[in-house]
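The structure under discussion appears below in the form of C-alpha cells.
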Amino acid sequence: MIEVRLPDDSRRSVPRGTGVGEILRTWAPDRAKKFLAARFEGSPVDLEFRLLGPGALAPVTFEERLGKEILHHSAAHLVAKAVMEVIPEARPTVGPGTEEGFHYDFDVRPLTPDDFDAIRTAAHRIVAGREPFRREELSREAALDLFKSNPHKIRYIEEATPGEPISVYRTGDWADLCRGPHVPDTGWIAGIHLLGFSAVTQGGEAGGLTLQRIRGVAFPTREELASYLSLRKEAEARDHRALGQRLELFMFVEEGPGFPFWLPRGMVIVRELERFVMEHLRADGYSEVRTPLLFAQSVFETSGHWEHYRADMFLSAIENRVFGVKPMNCPGSMLIFRSRARSYRELPLRLAEFAPLHRLEASGTIHGMTRVRELVQDDAHLFVTEEQVEAEVRSLLAWIEQAFSTFRLAWSYELSTRPKEFLGEPAVWDRAEATLKRCLDGSGVPYRVSPGEGAFYGPKIDIHLKDSMGRSWQTGTIQLDYQMPLRFHLEYQGADGQLHAPIVIHRTILGSFERFVGILLEHTAGRLPPWLSPTQIRVLPVGERHAEAARALVQKLTALGLRAELSVSEETLGKRVRTAEMDRVPYIAVLGDRELADASVSLRAAGRKEAVSLPAAELGDRILDTVRRRAFEA
RNA sequence: GCCGCUAUAGCUCAGUAGGAAGAGCAGCUGAUUUGUAAUCAGCAGGUCGGGGGUUCGAUUCCCUCUAGCGGCUCCA
C-alpha cells in the first residue's frame with residue numbers, strides 16, 4: 001500500500017499500481033466529470049497513470065491554465081488524426097496548444113477548402129467515437145522505427161534528450177510522438193472547432209519549408225464552444241475596418257495600399273485626440289516643432305536608419321541625390337538640438353512633433369488602420385541629462401496610466417532589454433535597464449520583460465493593446481537612446497563648464513493615431529465617448545411643424561461648441577432614431593408637441609433604450625459637462 | 001515579402017454546368033408629416049478588380065498583375 005496526499009490534505013492508502021483517475025474519482029465523485037488529467041508531485045500525468053510510490057496528487061480541470069493546455073493539445077492530436085484520415089500521405093510536424101486554442105502544422109500539399117471541410121467532418125466523427133488516448137513508452141530505436149516515414153518526427157526523436165523516455169500516444173491506429181498528458185479519450189473534446197488553415201514557414205525562418213497549419217479552439221463541452229463562438233462573432237462585428245467604412249471615418253483605395261484617407265468624420269476624432277494630448281504637453285513643458293518629411297541620405301546615415309531601416313523607407317532620387325522620406329521624427333529633432341549651443345539650463349528639452357511618417361511595411365502585413373504605411377504619432381523627443389531620465393520616465397508612466405484610463409482600455413507594459421546586436425557600453429545598458437525597471441516597479445504597474453527585444457540603441461518600455469480578435473498591437477513606447485545623440489554629436493554645456501552628450505527619450509503615448517483609433521473603435525464597437533464622437537447630438541423633430549424649433553436648438557447647441565445635427569422630418573421618427581443609433585450618435589433629442597408645450601426635450605443617451613425628459617435649457621450644459629470631463633456617460 | 005483564399009451596383013451578398021446579371025439596404029423622384037431601431041411607390045445605378053489567353057462566344061475556364069482577407073515572417 002502507498003499513501004497519497006490530496007489537495008484538501010486528506011490522505012488515503014491505495015494499492016501500488018492504482019490509477020490516479022480512480023483515486024480522484026472516489027475522492028470527489030461529484031466533480032470527477034471535470035477532471036481531465038492530474039498532477040502527481042507537481043508533474044502533469046494522465047488519469048490512467050499508475051502510482052508506484054507515495055506523493056501529492058491533485059486533479060487538473062479545464063478551469064486552470066494547465067487543463068486548457070492539455071485539452072488544447074489533445075485537440076491538436078485529434079486534428080492530426082483527422083488529417084491523416086483525409087490525406088494519409090501528410091506528415092505531421094508539431095501541434096502545440098496555445099493560449100486561445102491550438103494549431104497543428106503539416107508537411108503536406110497545399111490544402112483546399114474541400115480538404116478542410118473533410119478534416120472538420122472527420123474531427124467531429126473522432127470526437128463522437130470517444131477513442132482513448134493511450135500512452136506508450138518506447139525505446140529510441142522503436143520510436144525511430146515507428147516514425148520512419150516521417151523525417152520531422154525522426155528529427156524530434158534525435159533531438160530529444162538522451163535517456164529521457166520517448167512517449168507515444170495512440171488513438172486508434174494513429175500514433176503521435178508526445179510528452180503528454182492527454183485527456184482520457186476524444187469524447188472529452190466535444191467542443192472542438194476548426195477555425196481555418198493557412199501556410200506557415202517552418203521554424204518561422206524566411207525561406208524555410210512551407211507547412212500547412214490548421215488552427216482551432218477546443219472546449220470540454222459544446223455549450224462552452226457555442227458561447228465562445230458567439231463572443232467571437234460579436235468581436236468580428238467590431239472590426240474597425242468595417243466600422244470605419246460604415247461610419248465614414250476613413251478609407252483606402254487600391255492605388256494606395258496602406259495609405260489611409262481620414263474622412264471628415266474620422267478627422268474629427270483625430271483632432272480631438274490631438275487636442276487631448278496637446279493639453280497635456282503644454283502643461284508638461286513641451287514645445288512643438290515641425291521638421292521636413294524628406295532628408296538627404298546622409299542624415300539617415302548619421303541617424304543609423306540607413307544601416308538599420310533602409311529596407312523599410314521610401315526613397316526618392318532628386319537632382320542626383322538620394323532622399324528618404326522620414327520613417328520617424330527623431331532625425332529632425334536631433335538637427336534642431338544641434339542647431340546652436342545648448343546649456344544644461346535648457347534641459348529637459350521636450351520637443352513634440354506630430355508629423356506624417358512613411359514606412360514601407362511588407363505588403364502582407366498591412367492591416368486596416370492598425371498596420372499602415374503612413375501614420376502620425378503623438379511623438380516627442382526629450383533631451384535630458386542622465387540624472388533627469390528617471391523623473392521623466394516616471395512622469396510618462398503616470399501620464400500613460402491617466403491617458404489610457406480615460407479610454408477605458410486594457411493595456412499592458414513590456415520592458416525590452418539589450419538585444420544581441422547593440423551599440424554602446426554594456427555598463428550603460430545595465431544602468432538604463434535598471435532605471436526603467438525601477439520606474440516600473442515604483443509606479444506599481446505589472447509588466448512583462450522581453451529579454452533581447454530592445455532597440456539597438458537602448459532599452460524601452462512598450463505599451464500593448466489588444467484588438468477585438470485578441471491580436472496584440474504596440475501603441476505607446478518609451479525608449480532610452482544613448483546612441484543617436486553621439487552620432488549627431490549633440491552636446492550641451494554643463495554646470496561644470498564641460499560639454500556633455502544628452503540622453504534622448506523617444507516617446508509616444510497613444511502611439512499612432514491610426515492604430516489607436518482602430519483599436520479604440522474595436523473596444524467601443526464604434527460607440528465612442530461623446531467628446532470623441534463625430535456627431536455628438538442629433539435633433540429629431542417629430543413632424544414638420546417642429547422643424548423650426550429643432551433647427552433653432554441645433555443652432556444653439558452648435559454655438560456652445562457641440563457637434564450637433566438636424567435630422568430632417570421626411571422619414572418616420574422610428575426610422576430616424578434607428579439611423580442615429582446605427583450612426584453611433586451618443587445623444588438623440590426628440591422635439592414634438594409635448595416638448596414644445598413645456599420647453600423640454602426628450603433625450604435618448606448613449607445606447608440606452610429609454611428616453612428621459614429634461615428642460616431644453618439644460619440640454620447643452622449637460623452634454624458639455626460630459627464632453628469636458630471626457631466621460632463616457634452623462 | 002512567403003503560403004492559402006477571395007474580388008459581381010456605393011454597401012452586404014445571390015447568380016450563370018460558357019449564350020452578354022439580380023436582391024436587400026443606401027441614392028434620386030413622388031406620395032405620406034410621422035412619438036423613440038426600418039412608411040409606400042417609382043427611377044437610376046454594373047467593361048462582374050486590370051491585362052492577356054482558350055473559344056463562334058468568357059463575369060464563368062487558364063495565365064498574369066493589382067488589391068483585400070486569414071496566417072507566417074517582420075515590426076525603432
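Residue numbering restarts at 1 for every chain, and letters A, B, ... go by the order of the sequence lines.
Set against B/C75, B/A38, B/U36, the side chain of A/R371 has B/C75 as its closest nucleotide. Of the listed nucleotides (B/A76, B/U39, B/U36), B/A76 has the atom at the smallest distance from the side chain of A/Y457. Nearest to the side chain of A/R576, among B/A76, B/A37, B/U34, sits B/U34. Comparing atom distances between the A/R604 side chain and each of B/A37, B/C72, B/G70 picks out B/A37 as nearest. When each of B/A76, B/A37, B/G35 is scored by its nearest atom to the side-chain atoms of A/L573, the top-ranked nucleotide is B/G35. The side chain of A/R545 lies closest to B/U34 when the candidates are B/A76, B/U34, B/G71. Counting only heavy atoms from C-beta on, A/K575 has its side chain closest to B/A26 among B/A26, B/U33, B/A37. Listed nucleotides B/U36, B/G71, B/U39 differ in distance to A/R471; the shortest reach to its side chain belongs to B/G71.
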Report all side-chain donor-acceptor pairs from residues 244-260 of chain A shorter than 3.5 Å, counting only partners two or more places apart or in another chain.
from	atom 1	to	atom 2	distance (Å)
A/R246	NH1	A/M582	O	3.2

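Looking at heavy-atom distances under 4.0 Å, A/E544 makes contact with a base.
Of the P atoms belonging to B/G68 and B/A38, the separation is 36 Å, rounded to the nearest Å. The P atoms of B/C13 and B/A17 are separated by 23 Å, rounded to the nearest whole Å. When the C1' atom is used for both B/U16 and B/U73, the distance is 40 Å, rounded to whole Å. Comparing B/A67 with B/C62, their P atoms sit 22 Å apart, to the nearest whole Å. Taking the C1' atom of each, B/G18 and B/A58 are spaced 6 Å apart, rounded to whole Å. Spacing of C1' atoms, B/U32 relative to B/G42, comes out at 15 Å, to the nearest Å. For the P atom pair drawn from B/A26 and B/A41, the interatomic distance equals 13 Å after rounding to whole Å. With both ends at atom P, the span from B/A7 to B/C61 equals 10 Å, rounded to whole Å.
A sub-4.0 Å separation between OP1 or OP2 of B/G35 and a side-chain N or O of A/R578 is absent. In this model, the phosphate group of B/G70 is approached by a side-chain N or O of A/H367 to a distance below 4.0 Å at OP1 or OP2.
Between A/E453 and A/R418 no salt bridge is recorded (no basic side-chain N to carboxylate O distance below 4.0 Å).
Atoms CE (A/M469) and P (B/G70) sit 8 Å apart, rounded to a whole Å. Whole-Å rounding puts the A/H305 NE2 to B/C75 P distance at 14 Å. Summarising the geometry, the separation between CZ on A/R213 and C1' on B/G71 is reported as 7 Å, rounded to the nearest angstrom. Distance, A/D462 CG to B/A76 P: 8 Å, rounded to whole Å. Rounded to an integer number of Å, the gap from A/I588 CD1 to B/G35 P is 16 Å.
Residues A/E255 and A/T477 both approach RNA chain B. Their nearest nucleotides, taken by heavy-atom distance, put A/E255 toward the 5′ side. Heavy-atom distances to RNA chain B give each of A/E571 and A/Q377 a nearest nucleotide, and the one nearer the 5′ end belongs to A/E571.
Applying the side-chain hydrogen bond (donor to acceptor under 3.5 Å, both in side chains) criterion to A/Y482, with sequence neighbours excluded, gives no partner residue. Under the rule for a side-chain hydrogen bond (donor to acceptor under 3.5 Å, both in side chains), the partners of A/W262 that lie at least two apart in sequence or sit in another chain are A/E514. With sequence neighbours left out, A/S450 forms a side-chain hydrogen bond (donor to acceptor under 3.5 Å, both in side chains) with A/E414.
Separation of the A/F295 and A/H305 ring centroids does not fall under the 6.0 Å cut-off. Between A/F106 and A/Y104, the gap from one ring centroid to the other is short of 6.0 Å. Proximity of the aromatic rings of A/F354 and A/F513 is defined here by a centroid distance below 6.0 angstrom, and this criterion is met.
For A/Q479 and A/T477, the side-chain atoms include at least one donor-acceptor pair closer than 3.5 Å. In this model, a donor atom of one side chain and an acceptor atom of the other lie less than 3.5 Å apart for A/R265 and A/T535. Using a 3.5 Å distance cut-off with no hydrogens or angles, the side chains of A/S569 and A/E544 do not pair a donor with an acceptor.
A stem is defined here as three or more consecutive Watson-Crick or G-U pairs, each with both distances under 3.5 Å; for RNA chain B these stems are B:1-7 with B:66-72, B:10-13 with B:22-25, B:27-31 with B:39-43, B:49-53 with B:61-65.
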Once each nucleotide of nucleotides 2-8 of chain B is scored for protein heavy atoms under 4.0 Å, what B/S/- sequence comes out, 5' to 3'?
-> BBS----
